[in-house]
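Each residue takes its place number in the sequence, starting with 1. Please read all numbers here as calculations on a predicted model, not as lab measurements. One-based numbering, in listed order, for ligands and for the atoms of each.
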Amino acid sequence: MTDHNRPFSEDERQGLYRAIHERRDVRSQFLPDPIPADVLARLLTAAHHAPSVGFMQPWDFIVIDSIEVRQSVLDIFEEENRKAADNYSGERNTRYKSLKLQGILESPINLCITCDRSRGGSHVLGRNSIVETDLFSTCLAVQNLWLAARAEGIGVGWVSILDQQKLACTLQLPEQVYPLAYLCLGYVSEFLDQPELQAKGWRSRLPLEDLVHGNRWAQPLENMQLKTALKIPE
Ligand SMILES: Cc1cc2c(cc1C)N(C[C@H](O)[C@H](O)[C@H](O)COP(=O)(O)O)c1[nH]c(=O)[nH]c(=O)c1N2
């Protein structure tokens, strides 16, 4: 058996699940400490090892440390966030406005992960029917980075309350390059033990048992072993 085929040890398996369960979206707990270049390189390498349709690797990574650029992005956020607040009224509006939804200036580095929709030429294997698969692939790069960051003790916050055209213009992206994820990265004072939106009473995690169906949408799950493993009551 070659080395990369050896089974995961119990500790390795637990480490992976720990990163999955303890990963958080961070916006309030950033510390200003810089991320060493070798650590950032590991995160980018993890992202670059994500699966991608036809091995398209449509991502680029724009590492943003300029305060001027970040301030421009924050201005875009503030404008969009004012509009977003208008979706809510009364108590919900007040609660929305109390939420902190970005850490653009507090984090030491911002990272925009983009998707080059033309990479790989006019036809990419596996992308003939579902053209959005390049975007899906780039999301997986984001998740790889997010999990690796957690294992490195680094928090990541995804900021999507942004006008994409203005963001693309600020970052001088070519026309075919889509700014898929704007991320804030940095060491943190703590990782919360639950999503911040849940801690602040905005929305809670749904029970998994309500989301697992059998064979067709909303059909009850008949697989007794899976039901037992998921602890779904009879
Ligand atoms: C595509 C996308 C876009 C956003 C987010 C996530 C994703 C996947 N999230 C983070 C989101 O609120 C968070 O993931 C959930 O609340 C669950 O919390 P944990 O990630 O488990 O801590 C997020 N958070 C935030 O403060 N501002 C934002 O604009 C966004 N946008």
Pull out every atom of ligand 1 sitting under 4.0 Å from any heavy atom of Pro195, numbered as shown with elements. 17 (C), 18 (O), 21 (O), 22 (O)
Any luck finding a side-chain donor-acceptor pair between Ser118 and Asp116 under 3.5 Å? yes
Do me a favour and list the nearest non-hydrogen protein atom to atom 31 (N) of ligand 1 with residue, atom name and distance? Ser160 OG, 2.8 Å
Is there side-chain contact between Tyr187 and Val39, with heavy atoms separated by less than 4.5 Å? yes
Can you sort out which atoms of ligand 1 are near Val159, meaning under 4.0 Å from one of its heavy atoms? 28 (C), 29 (O)
Distance under 4.0 Å to a non-hydrogen atom of Ile161: what atoms of ligand 1 satisfy this? 29 (O)
Under a 3.5 Å threshold, yes or no: a donor from one side chain and an acceptor from the other, between Tyr96 and Asn87? no
Determine, for Trp146 and Arg24, whether the Lys NZ or Arg CZ falls below 6.0 Å from the six-membered ring centre while staying within 45 degrees of the axis. no
For atom 10 (C) of ligand 1, grab the closest protein heavy atom and report residue, atom and distance to one decimal in Å. Asp25 CG, 3.1 Å
For atom 23 (C) of ligand 1, tell me which residue out of Trp146, Phe77, Trp158, Tyr182 has the closest non-hydrogen atom. Trp158
Could you check whether any heavy atom of Arg23 sits closer than 4.0 Å to an atom of ligand 1, since that is the contact criterion I want to use? yes
Is the cationic atom of Arg95 (NZ for Lys, CZ for Arg) positioned less than 6.0 Å from the six-membered ring centroid of Tyr88 and within 45 degrees of its normal? no
Nearest to atom 16 (O) of ligand 1, what protein heavy atom do you find, and at what distance? Leu197 CD1, 3.5 Å
For Arg205, is at least one N or O under 3.5 Å away from an N or O on ligand 1? no
Should Leu101 be counted as touching ligand 1, given the test is an N or O pair under 3.5 Å? yes
Does ligand 1 have a heavy atom under 4.0 Å from the side chain of Arg24, from its backbone, from both, or from neither? both
Side chains of Asn223 and Lys227: any donor to acceptor distance under 3.5 Å? no
Relative to each other, are the rings of Phe61 and His48 parallel, tilted or perpendicular (30° and 60° limits)? perpendicular
Does atom CD of Gln225 have more than 12 heavy-atom neighbours from other groups under 6.0 Å away? no
